Amino acid sequence: MGFAFTTGPDTRRKPGQQATVGTNGRKATWARHIPSLRSLSFFSPSVHAIAAMAAVTLLTACGAGNGRFRIEGRFRNLNRGEFYVYSPDGGTQGRDTIQVADGRFSYNVPLSDKATFILIFPNFSELVVFGDNGKVAKLSGDVSHMKEIEVSGSDDNELMTKFRMSANRMAPPEVKKAVADFVGEHPASPVSMYLVDRYYIRADEPDYAAAAKLLKTMLKADPTNGRTALLLKQTETLKPSAIGAKLPQFAATDTDGKAISLKNLNGKVNVVSAWASWSYDSQNIQRWLRRYKTAKGNDLAVVSLCLDGDKATCLRELKADSINWPTVCDGLMWDTPLMARFGLATVPGNIVADADGRIVARNLSTREMREQLEKMLGKLDFGGSRER
């Protein structure tokens, strides 16, 4: 697996966060998918190299320190580049990058309590790191085998690494059972919360009822854990958006300033589609929906959720693709209330419902969306063209 990276200093880093700096002078093909990477500035490679050496030496010479947490490590088969990091539970605000120089990297952030950090790599694979006050999480492995990257430095990270290595050899149904077994053995561990969220809630086919049951087990083991209580509450609200349930009531304002609600989804087939300018696949689905909408008129009703942080970008893409159905873009990105309301957690993400508003499919690819619409509305003649 070959990587291409954007390099340069991170202009979005928050005060107190540090990372090594590296450059190869090239802009990566994957950067367009992540908004925070599109505004990076670029300076001379020699300046970057000097800064990288100094930063690595300084940051690896001492521990994380009281009130701080550090992620550090060294990857084989990777000299320079960067990857994406965010925290879903408040460990850091917004999105940031961890930059790699000479295969090494270090990311230092203020942290007074435990938190979860999600690393997103150029191939969009996800790696979780559990942070704690004064701790250092150490990553090691070969970037050609991302599933085998090891994270150590704390009991939580070592537990997660052990589970992940075991899960690599399992089929999806086996992984879900393994998660349930893990929760039974470690109900108070933050690893359990991540696993339930990842494999039961954010899964392509979520199982909110099973997730709620596991979260109740965790809450019984640690009744004071507010994060578990909040996730349980959110999961309970997602149950109505499972396949077989009816579309939930909602209210929002679209990009034209008009109020929209469940009344806008009144077609024979109804689609809620989450997209963003940095996701080609989600835009491809939008274009296919436009073609079906043009051919089928009011038989197909669509409401879109744009996860771009900049409304101007959203409007530009809507105009370019001739999208004229209601689109919500409130600038809150992943935190937009409608994502949670519809139980969507990915881009692309979507829900298909029938004329009665009953959900029949979720999170379809472009091909699967075409097949689902043809099944419900009949085939269309596209002149021999095929979706990508």
Side-chain angles (χ1 to χ4, degrees), residues 29 32-33 35 124 204-205 241 243 246-247 250 252-258 260-308 310-330 336 338-339 341-388:
T29 57
R32 69 180 184 274
H33 296 285
F124 298 102
D204 288 341
E205 297 182 4
S241 63
I243 291 177
K246 284 202 171 185
L247 288 168
F250 69 94
T253 302
D254 69 10
T255 52
D256 292 327
K258 298 178 181 178
I260 63 171
S261 67
L262 186 57
K263 293 179 180 179
N264 291 87
L265 295 172
N266 57 1
K268 291 182 179 178
V269 175
N270 303 282
V271 176
V272 178
S273 174
W275 67 280
S277 65
W278 38 268
S279 168
Y280 173 81
D281 289 340
S282 69
Q283 288 185 300
N284 202 24
I285 290 175
Q286 288 279 103
R287 296 179 187 117
W288 274 97
L289 288 173
R290 182 201 65 210
R291 300 184 75 174
Y292 277 97
K293 177 70 174 171
T294 299
K296 295 296 184 177
N298 292 334
D299 285 350
L300 176 63
V302 184
V303 168
S304 290
L305 314 179
C306 176
L307 268 66
D308 278 289
D310 179 14
K311 184 177 177 181
T313 300
C314 171
L315 291 173
R316 183 173 63 248
E317 298 295 334
L318 292 176
K319 182 178 180 180
D321 289 335
S322 301
I323 304 297
N324 56 13
W325 56 69
T327 297
V328 176
C329 182
D330 54 19
T336 182
L338 288 188
M339 287 291 285
R341 188 63 175 157
F342 288 110
L344 295 172
T346 61
V347 170
N350 48 69
I351 291 175
V352 180
D354 62 18
D356 295 324
R358 195 167 299 278
I359 298 172
V360 298
R362 296 177 56 91
N363 297 326
L364 304 179
S365 66
T366 304
R367 177 184 58 79
E368 292 167 336
M369 180 67 74
R370 189 191 76 168
E371 291 173 351
Q372 184 68 45
L373 293 180
E374 287 182 342
K375 178 181 177 181
M376 300 175 75
L377 291 177
K379 292 186 177 182
L380 300 179
D381 181 8
F382 289 114
S385 65
R386 292 182 176 269
E387 78 278 5
R388 294 186 176 186

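Only this structure's heavy atoms are used, side chains among them; waters, hydrogens and symmetry mates stay out. Just so we're clear, the structure is a prediction, and the values are computed from it rather than from any experiment.
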What residues, two or more places apart in sequence or in another chain, satisfy salt bridge (Lys or Arg N to Asp or Glu O under 4.0 Å) together with D354?
none
For the pair K296 (side chain) and L377 (backbone), establish whether a donor and an acceptor sit closer than 3.5 Å, ignoring hydrogens and angles.
yes
For the residue pair L373 and L289, establish whether any side-chain heavy-atom pair is separated by less than 4.5 Å.
yes
Residues in side-chain hydrogen bond (donor to acceptor under 3.5 Å, both in side chains) with D299, at least two apart?
none
Quick one: list whatever passes salt bridge (Lys or Arg N to Asp or Glu O under 4.0 Å) with R287, sequence neighbours left out.
D321
Shortest non-hydrogen pair, S282 vs A274, comes out as CB-O, 3.9 Å
I'd like to know if the side chain of K293 and the backbone of L300 have a donor-acceptor N/O pair within less than 3.5 Å.
yes
Closest contact, heavy atoms only, Q283 versus S277
OE1-O, 3.5 Å
Using modelled atom types and a 3.5 Å cut-off, is there a donor and acceptor pairing between side-chain atoms of S365 and backbone atoms of E368?
yes
Distance (rounded to the nearest 0.5 Å) between M376 CE and N270 CG
8.0 Å
Could you pull out the closest heavy-atom pair between Q286 and S273, with the gap in Å?
OE1-OG, 3.2 Å
So which atom in I285 and which in L364 form the shortest heavy-atom distance, rounded to 0.1 Å?
CD1-O, 3.4 Å
Just wondering, more than 12 heavy atoms not from D256 lying within 6.0 Å of its CG?
yes
Going by an N to O cut-off under 4.0 Å, is there a salt bridge joining R367 and E371?
yes
Can you measure from CG (N350) to CZ (R362) and round to the nearest 0.5 angstrom?
9.0 Å
Going through the checks in order, is the side-chain contact (heavy atoms from CB on, under 4.5 Å) test met by L262 and F250?
CA-CA 6 Å; L262 186 57; F250 69 94; 4.2 Å; yes
OG of S279 to CG of L307, rounded to nearest 0.5 Å, is 10.0 Å
Heavy atoms only: give me the nearest A252-V328 pair and the separation to one decimal.
CB-CG2, 4.0 Å
Can you measure from CD1 (I243) to CZ (R358) and round to the nearest 0.5 angstrom?
12.5 Å
If you take all heavy atoms of V347 and A276, which pair is closest and at what distance?
CG1-N, 3.9 Å
Apply side-chain contact (heavy atoms from CB on, under 4.5 Å) to R291 and T294, showing your working.
CA-CA 5 Å; R291 300 184 75 174; T294 299; 5.7 Å; no
Please lay out, stage by stage, how V352 and M369 fare under the test side-chain contact (heavy atoms from CB on, under 4.5 Å).
CA-CA 9 Å; V352 180; M369 180 67 74; 3.9 Å; yes
Report the C-alpha separation of Y292 and V302 in whole Å, then their side-chain angles, then the decisive distance to 0.1 Å, and conclude whether the side-chain contact (heavy atoms from CB on, under 4.5 Å) test is met.
CA-CA 10 Å; Y292 277 97; V302 184; over 6 Å; no
CD1 of I359 to CD1 of I351, rounded to nearest 0.5 Å, is 4.5 Å
Nearest 0.5 Å, please: how far is OG1 in T327 from CG in D308?
11.5 Å
Considering residues, nucleotides and ligands other than K268, do more than 12 of their heavy atoms fall under 6.0 Å from its NZ?
no
